[in-house]
Amino acid sequence: MQKFIALSLSVLLCACTFHTKQRGYIFPEDLDDVLTASKTTTQLEEKLGSPGARTVYGDPVWIYYGATENYHGPFPLSYDNKKVLLVWVKGDKIVQTRILADDDLPRVSMTDGATPIPAEIRLNAFEELINNIGRFSPAGLGQ
């Protein structure tokens with residue numbers, strides 16, 4: 001009985017771990033000073049590195065994102081210290097910067113269910129099996 005209790009307690013303690021990971025950029029404490037000192041994109045890249053994303057359409061904007069990811073054992077994953085840096089650029093010059101923190105970011109929630117796909121073809125397991133006959137060449141034939 002004591003072995004069972006010890007095993008149960010050890011399993012429970014292992015499930016209650018706490019782990020933190022940094023996702024994206026780790027912004028410096030003096031981010032405002034870095035941004036005011038940087039007048040060109042080259043200077044900004046020397047201080048922060050290349051952006052995580054760049055816009056394709058509309059105004060050219062560089063996007064830097066960073067967050068702390070927290071694991072609390074069996075509980076859902078949570079994020080905090082979220083920060084997004086948006087840098088509008090024109091050529092090699094920095095036009096405007098904006099820092100978005102936790103409170104500035106919109107709350108996005110995932111919905112249950114699936115997104116419908118136009119012209120989707122649904123096959124059951126038997127139809128999938130029949131559909132794959134003849135599609136693959138035997139190994140070693142070089143086709």
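Two different hydrophobic clusters hold L31 and I26 under the rule that ILVMFWY side chains link at heavy-atom gaps under 4.5 Å. Hydrophobic cluster membership is shared by V87 and I99, with clusters built from Ile, Leu, Val, Met, Phe, Trp and Tyr side chains linked at under 4.5 angstrom. V89 and V34 fall into different hydrophobic clusters, where Ile, Leu, Val, Met, Phe, Trp and Tyr are joined by side-chain heavy atoms under 4.5 Å apart, directly or via other members.
A 4.5 Å side-chain heavy-atom check between E46 and S38 finds every atom pair outside the cut-off.
Other residues, nucleotides and ligands contribute only 12 or fewer heavy atoms inside 6.0 Å of the NZ atom of K90. With a 6.0 Å radius and a threshold of 12 heavy atoms from other residues, nucleotides or ligands, R54 has its CZ atom above the threshold. I5 CD1: more than 12 foreign heavy atoms inside a 6.0 Å radius.
A distance-only check finds a donor-acceptor pair linking the side chain of N124 to the backbone of E127 [under 3.5 Å]. At least one donor-acceptor pair closer than 3.5 Å links the side chain of T36 to the backbone N or O of D33. Remark: side-chain polar atoms of T40 are not paired, donor with acceptor, to backbone N or O of L44 under 3.5 angstrom.
The CG atom of D92 lies 8.5 Å from the CD atom of Q43; values are rounded to the nearest 0.5 Å. The line from CG of L35 to CZ of R98 is 13.5 Å long, rounded to the nearest 0.5 Å. One distance of note links NZ of K47 with OG1 of T42; it measures 11.0 Å at 0.5 Å rounding.
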(request) Given side-chain contact (heavy atoms from CB on, under 4.5 Å), test F27 with L85 step by step and report yes or no. (result) CA-CA 9 Å; F27 293 102; L85 170 62; 4.0 Å; yes
(request) Could you give me the CA-CA distance, side-chain angles and deciding distance for W88 and I94, then say whether side-chain contact (heavy atoms from CB on, under 4.5 Å) is met? (result) CA-CA 6 Å; W88 282 265; I94 295 175; over 6 Å; no
(request) Take Y64 and V84 through the side-chain contact (heavy atoms from CB on, under 4.5 Å) test and state the conclusion after the steps. (result) CA-CA 6 Å; Y64 293 85; V84 177; over 6 Å; no
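For the residue pair Q22 and A67, the shortest heavy atom distance occurs at NE2-O, 3.2 Å.
Under the 4.0 Å criterion applied to side-chain N and carboxylate O atoms, K83 and E29 are not assigned as salt-bridge partners. Salt bridge status for E120 with R122: present, with a side-chain N to carboxylate O gap under 4.0 Å.
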